[in-house]
Number of protein chains: 2
Amino acid sequence: MLPRGRPRALGAAALLLLLLLLGFLLFDGRLRRAAALDGDPGAGPGDHNRSDCGPPPPRPSKCELLHVAIVCAGHNSSRDVITLVKSMLFYRKNPLHLHLVTDAVARNILEMLFHTWMVPAVRVSFYNADELKSQVSWIPNKHYSGLYGLMKLVLPSALPAELAHVIVLDTDVTFASDISELWALFAHFSDTQAIGLVENQSDWYLGNLWKNHRPWPALGRGFNTGVILLRLDRLRQAGWEQMWRLTARRELLTLPATSLADQDIFNAVIKEHPGLVQPLPCVWNVQLSDHTLAERCYSAASDLKVIHWNSPKKLQVKNKHVEFFRNFYLTFLEYDGNLLRRELFGCPSQPPPGAEQLQQALAQLDEEDPCFEFRQQQLTVHRVHVTFLPHEPPPPRPHDVTLVAQLSMDRLQMLEALCRHWPGPMSLALYLTDAEAQQFLRFIEASPVLAARQDVAYHVVYREGPLYPVNQLRNVALAQALTPYVFLSDIDFLPAYSLYDYLRASIEQLGLGSQRKAALVVPAFETLHYRFSFPHSKVELLALLDVGALYTFRYHEWPRGHAPTDYARWREAQAPYRVQWAADYEPYVVVPRDCPRYDPRFVGFGWNKVAHIVELDAQEYELLVLPEAFTIHLPHAPSLDISRFRSSPTYRDCLQALKDEFHQDLSRHHGAAALKYLPALQQPQSPARDG
Amino acid sequence: MLPRGRPRALGAAALLLLLLLLGFLLFDGRLRRAAALDGDPGAGPGDHNRSDCGPPPPRPSKCELLHVAIVCAGHNSSRDVITLVKSMLFYRKNPLHLHLVTDAVARNILEMLFHTWMVPAVRVSFYNADELKSQVSWIPNKHYSGLYGLMKLVLPSALPAELAHVIVLDTDVTFASDISELWALFAHFSDTQAIGLVENQSDWYLGNLWKNHRPWPALGRGFNTGVILLRLDRLRQAGWEQMWRLTARRELLTLPATSLADQDIFNAVIKEHPGLVQPLPCVWNVQLSDHTLAERCYSAASDLKVIHWNSPKKLQVKNKHVEFFRNFYLTFLEYDGNLLRRELFGCPSQPPPGAEQLQQALAQLDEEDPCFEFRQQQLTVHRVHVTFLPHEPPPPRPHDVTLVAQLSMDRLQMLEALCRHWPGPMSLALYLTDAEAQQFLRFIEASPVLAARQDVAYHVVYREGPLYPVNQLRNVALAQALTPYVFLSDIDFLPAYSLYDYLRASIEQLGLGSQRKAALVVPAFETLHYRFSFPHSKVELLALLDVGALYTFRYHEWPRGHAPTDYARWREAQAPYRVQWAADYEPYVVVPRDCPRYDPRFVGFGWNKVAHIVELDAQEYELLVLPEAFTIHLPHAPSLDISRFRSSPTYRDCLQALKDEFHQDLSRHHGAAALKYLPALQQPQSPARDG
């Protein structure tokens with residue numbers, strides 16, 4: 001290996017010599033600059049750059065568009081970005097254009113989120129991080145942010161050529177003020193400055209934190225790159241791409257890797273070209289790292305602008321004022337994002353896609369209509385955060401089945417049992433407030449059973465409106481299922497332990513989807529007791545049924561819902577058997593993933609599954625009951641949503657109106673064939689039975 | 001009556017003449033002023049006073065104390081004030097002193113709230129509104145704010161003589177910015193100006209809203225008094241007390257009453273003394289009244305500062321931008337007030353009462369202690385909002401009983417049934433987040449049964465920490481019970497329909513409290529079925545028991561909890577009978593209101609009631625079982641809180657530690673008598689049985 005290595009080493013030595021020479025030429029200026037930064041030996045972060053006390057810079061004009069770039073990859077960073085964006089939107093008064101450099105996971109999450117969030121005067125562009133990887137992957141890096149941390153270096157070339165100014169943010173910052181004040185600091189740049197940064201609020205770059213601590217070169221304490229004002233135009237002109245690569249290559253001759261990712265390289269470049277940097281007031285990047293000196297900044301300032309959780313411990317960082325900062329962070333973590341859908345008065349802007357039609361439809365609703373709440377709920381576009389937690393997509397398997405269900409906070413306690421009963425993939429939609437989403441997160445983290453399951457995808461649909469949008473939730477979960485088949489279940493049911501395996505075998509045997517257009521029926525039972533020993537086989541189940549410890553589902557209140565399953569025949573059946581659709585039939589079924597969606601007009605607690613089975617039958621799905629499949633409903637008190645509407649006298653009328661409209665649509669799609677369902681749609685039914 | 005009336009009328013005429021003369025002298029200046037206010041005919045609110053575009057006034061110094069006065073009366077205004085205060089605290093950066101002029105109801109609520117809120121650098125002083133009533137009650141007033149609306153007029157004399165500057169706010173305003181910016185506008189006052197006001201953003205005072213509309217006199221569109229900067233010192237010097245009374249008396253000679261309360265009188269005085277007023281930028285009082293012209297203000301401004309819901313319809317006001325403003329309001333309505341317990345860095349201030357001891361106790365906790373969460377939860381001071389909804393205290397009756405219980409959101413659906421079973425007073429503690437408190441409000445409003453009950457007091461205890469503080473909640477509800485006796489129940493129980501009457505009769509017959517120190521035991525049963533026909537008598541109950549439709553409470557899981565009640569004896573009993581305490585006994589009892597409190601160390605779900613019965617027995621309360629009394633537990637799924645901790649392996653150990661400490665305290669108080677309870681405290685018990 002030596003003969004090949006030697007010429008490379010020689011070249012490197014020559015380069016080093018050249019750089020040393022260059023460095024010498026710049027040395028004088030740099031020294032003066034460094035002295036100015038460090039001030040007297042007692043001065044620390046926040047002391048030297050308290051320019052927030054001076055006259056405020058001119059604010060951007062009322063409707064000026066501000067550009068923000070963020071690099072984001074993976075499930076956890078996507079959650080962080082949303083909190084950052086919430087804080088930014090809370091205080092902002094200008095239109096914003098977000099430039100998001102994302103991997104495939106983050107893009108999938110954030111694209112859906114912003115699409116459904118519909119915030120006025122916010123535009124979002126995505127850039128493929130994976131395409132940029134090769135530009136930074138040669139840099140050895142020890143920082144927890146990984147490869148993505150380095151991508152800020154390539155923004156001048158990755159962002160559109162016409163973009164001249166951009167604010168670059170780490171995902172772990174929180175705004176405590178209007179971003180236009182930060183944007184205004186661009187006006188402080190001299191004609192040659194191109195990078196605005198806050199000093200690093202620790203002694204890291206002084207190299208004295210521990211023995212043999214050898215940081216990358218920096219001016220004085222160096223700068224933190226969690227918040228950057230970038231003049232992209234000037235960087236491009238100054239040959240930034242070559243500049244940082246040259247510096248990085250040179251330093252990597254003697255340093256094994258970057259410790260703080262892009263920040264090490266930014267600092268090394270700035271040490272070499274101090275004229276590039278415009279120091280920003282410390283309040284624009286209050287750094288709560290492990291060895292922070294930020295207190296010198298925030299106790300003097302009257303106003304904190306941006307808080308930066310730049311410790312790997314994040315909110316668990318030890319800091320005597322951490323409670324204060326945590327409260328700020330929690331404010332936006334738990335903030336109802338729906339409240340940020342507010343327009344900017346006096347700034348005409350392109351409405352988000354679909355927003356205008358939605359506004360028109362909402363404006364046409366009659367507030368005096370007794371079913372107004374139903375109509376409004378149907379039109380509501382819920383914010384959707386798919387794969388809220390880390391998730392491994394199941395490997396492609398031809399007969400795999402995902403359990404699909406939806407729930408709200410009051411059913412979280414079902415999840416552990418469900419995981420024990422269903423070892424396969426699940427796609428669950430959760431109807432939560434922003435604050436509840438955080439409780440949910442803690443709930444999962446506290447449960448070893450749930451934390452261990454990477455094949456359960458949780459999709460948060462944010463609450464809005466008084467009625468439970470049951471079918472919209474089912475559709476979200478269904479759309480996110482990644483296996484070829486889905487088991488459409490409800491959260492209060494526990495499937496037989498063997499069901500997952502049995503379903504996959506049945507799908508294969510029956511040629512479901514490919515040879516046969518069918519829905520496989522999983523017979524449903526119920527127990528009325530909390531404490532109950534779950535049957536391990538059909539034999540055990542039948543025994544429990546015989547002693548009255550189990551019943552067929554809704555046997556007492558609504559036998560019509562499952563009667564067509566023909567429990568008597570199931571008792572004896574050895575092979576799948578076909579059953580006919582009948583009015584009010586609402587079995588739990590297994591179907592191919594591309595099955596018809598649920599009808600989202602059914603909000604609240606009536607007719608939501610029944611309509612789906614009607615649609616399956618209208619589309620000529622065979623209904624095949626599986627002889628060894630079963631699922632059991634556990635008892636629960638009626639939910640708040642159900643209680644609220646059960647007693648409402650207009651409920652029945654509105655539900656009947658929904659059914660009528662459903663049938664009109666059915667006739668439009670299926671013509672005379674839809675006549676078959678007319679009697680079923682016209683008969684009254686008890687409301688709210690099928691929650 | 002004429003002879004007595006005539007001299008008064010003559011005097012009034014003379015006064016009028018004098019005032020006309022005075023008015024004439026001031027006329028010229030007033031005219032000029034009015035012209036300046038109105039500007040050109042096309043100019044409207046917001047056009048003339050866009051002084052927000054000028055250079056900002058100097059901000060108050062970093063730790064300057066700002067004074068705010070608010071008049072507040074009754075349950076609903078108290079809720080409003082809290083939302084206002086939350087918005088103010090969210091943006092504030094200065095210490096605040098709140099001067100609250102309150103009736104007895106508001107004082108009771110707000111005193112407890114601020115005491116338990118413990119916000120650093122906030123001082124609160126109360127002033128008795130009832131003592132000020134006589135100073136304004138002579139003014140006929142048609143405004144919905146009633147007498148209290150007029151009280152702003154007497155603030156210069158009611159507030160401390162040394163107080164020179166104060167910001168006066170209506171309860172229906174919301175801050176969207178830092179109040180110190182508003183305070184800074186005092187610096188704009190000329191040497192003689194004493195009242196800072198925003199122009200009224202409607203045509204009301206122009207008198208052209210409808211035929212025969214005769215408003216009080218005002219300069220141009222007049223001013224709105226929802227936000228006032230008052231130079232109290234100057235008003236006192238200028239003889240404000242005489243000044244406004246003189247004007248009001250004179251106008252009331254020709255006008256029947258004030259239509260807009262204090263605002264009419266402020267405007268009439270200002271019309272007479274225009275030199276008193278300093279007009280403020282419109283953004284400091286964006287008025288969303290029914291006929292608002294505020295859009296001219298907010299679409300031009302870059303920044304809204306204070307939003308004023310000054311329509312009697314409040315959030316239901318019709319305004320095309322109301323969604324925007326509502327979102328702002330909801331932000332603070334639902335904001336977690338705990339997050340506002342944040343210190344002001346660099347402003348040393350007197351900590352709130354108890355805060356220092358609390359900080360010390362929390363600092364002494366060991367984070368590595370496996371029971372750390374228990375210890376922390378015990379020390380948590382929860383914000384408490386007593387009588388969250390309008391409440392009529394029960395009339396004093398010597399044997400009256402209040403049902404006392406506690407619940408969280410997942411048990412709201414019990415309330416209607418409870419109201420049907422218990423026609424007497426109730427005191428209920430609800431453990432909620434701020435957002436849930438609003439859901440709760442809507443839930444009550446939507447229920448005719450609940451909305452009709454003025455004798456049910458709801459006390460909101462705000463959530464904080466992972467464990468359910470069951471005994472702290474019980475103590476809040478108990479402390480707020482206003483009858484001489486209390487029935488200590490749990491939310492999942494429905495009492496016999498006759499229980500309320502029967503208990504009052506029993507209390508009287510037995511001489512409970514006066515002759516006899518006793519706890520009356522109400523025997524507890526349970527049903528395992530949702531649908532269940534509640535027995536109307538003991539005979540019916542026994543029949544259900546015999547057929548297995550009912551059981552004695554926890555018959556299957558924990559018979560020890562109620563065994564000492566001696567159900568066999570109860571079956572036959574015709575008269576109350578005495579039973580002896582035994583280990584783990586936890587009956588539901590009726591006791592005098594001054595009974596021992598629950599031990600707040602028991603957080604989560606174990607031993608909370610058992611310890612209370614031990615304490616009753618230790619204090620020598622007789623335990624008397626009532627032969628006709630019963631209460632029945634309804635089934636429910638385990639709550640999230642209970643599920644979370646049932647599975648925790650440290651739960652038992654921590655509970656045992658709590659029990660040991662409880663017994664140490666018991667021994668300290670009762671000496672050797674406490675030995676009796678030692679075996680009971682040392683035996684293991686199944687955790688979390690008694691949620």
Side-chain angles (χ1 to χ4, degrees), chain A residues 56 59 61-62 90 93-94 178 180 295 298-304 321 323-328 330-331 334-336 338-343 345-346 409-414 416 433 435 439 442-443 446-447 466 528-531 556-557 634-640 642-644 647-648, chain B residues 56 59 61-62 90 93 178 180 295 298-304 321 323-328 330-331 334-336 338-343 345-346 409-414 416 433 435 439 442-443 446-447 466 492 528-531 556-557 634-640 642-644 647-648:
Chain A
R59 294 280 274 270
S61 61
K62 184 166 156 65
F90 183 83
K93 296 182 183 81
N94 285 69
D178 182 358
S180 74
E295 191 178 350
Y298 60 72
S299 55
S302 63
D303 218 358
L304 301 179
H321 295 126
E323 271 304 322
F324 172 92
F325 295 105
R326 192 152 33 203
N327 282 356
F328 235 99
L330 290 177
T331 291
E334 302 187 347
Y335 189 76
D336 178 354
N338 300 339
L339 299 180
L340 294 165
R341 288 169 169 166
R342 52 187 190 208
E343 58 191 302
F345 290 126
M409 209 61 192
D410 55 345
R411 294 293 188 275
L412 283 194
Q413 64 272 27
M414 286 298 297
E416 283 201 7
T433 65
Q439 280 180 261
R442 290 192 291 272
F443 180 80
S447 158
L528 301 177
H529 293 262
Y530 304 123
R531 283 171 193 73
H556 298 91
E557 300 100 356
L634 300 196
H636 58 84
S639 73
L640 187 56
I642 222 177
S643 317
R644 194 186 293 163
S647 54
S648 153
Chain B
R59 293 280 275 269
S61 61
K62 185 165 154 68
F90 181 83
K93 296 180 183 84
D178 181 359
S180 74
E295 190 178 348
Y298 60 72
S299 56
S302 62
D303 218 0
L304 301 179
H321 295 125
E323 271 304 322
F324 172 92
F325 295 105
R326 191 151 36 202
N327 283 356
F328 236 99
L330 290 176
T331 291
E334 303 187 348
Y335 189 75
D336 179 353
N338 300 338
L339 299 179
L340 294 165
R341 288 167 167 169
R342 52 187 190 208
E343 58 190 301
F345 289 125
M409 208 60 192
D410 56 345
R411 294 294 188 273
L412 282 194
Q413 64 271 27
M414 285 300 295
E416 283 202 8
T433 66
Q439 279 181 263
R442 290 191 291 271
F443 180 80
S447 159
D492 296 312
L528 300 178
H529 292 263
Y530 304 123
R531 283 172 195 72
H556 298 91
E557 300 99 359
L634 299 196
H636 58 85
S639 73
L640 188 56
I642 224 177
S643 318
R644 194 185 294 164
S647 54
S648 154

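- In this structure, the separation between CG on A:Asp336 and CG on B:Leu330 is 8.0 Å, given to the nearest 0.5 Å.
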Subject >> B:Leu339 and A:Phe328: CA distance, side-chain angles, deciding distance, side chain to side chain contact (heavy atoms under 4.5 Å, CB included) verdict >> reply: CA-CA 7 Å; B:Leu339 299 179; A:Phe328 235 99; over 6 Å; no
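- Rounding to the nearest 0.5 Å gives a distance of 8.5 Å between NZ of B:Lys93 and CG of A:Leu304.
- Going from atom CG of A:Asp178 over to atom CG of B:Asp303 covers 7.5 Å, rounded to the nearest 0.5 Å.
- Atom CZ of B:Arg342 sits about 6.0 Å away from atom OG1 of A:Thr331, to the nearest 0.5 Å.
- Of the two parts of B:Asn338, only the backbone, made up of N, CA, C and O, holds a non-hydrogen atom closer than 4.5 Å to a non-hydrogen atom of chain A.
- Taking OG1 of B:Thr433 as the start and CD of A:Gln439 as the end, the distance is 7.5 Å to the nearest 0.5 Å.
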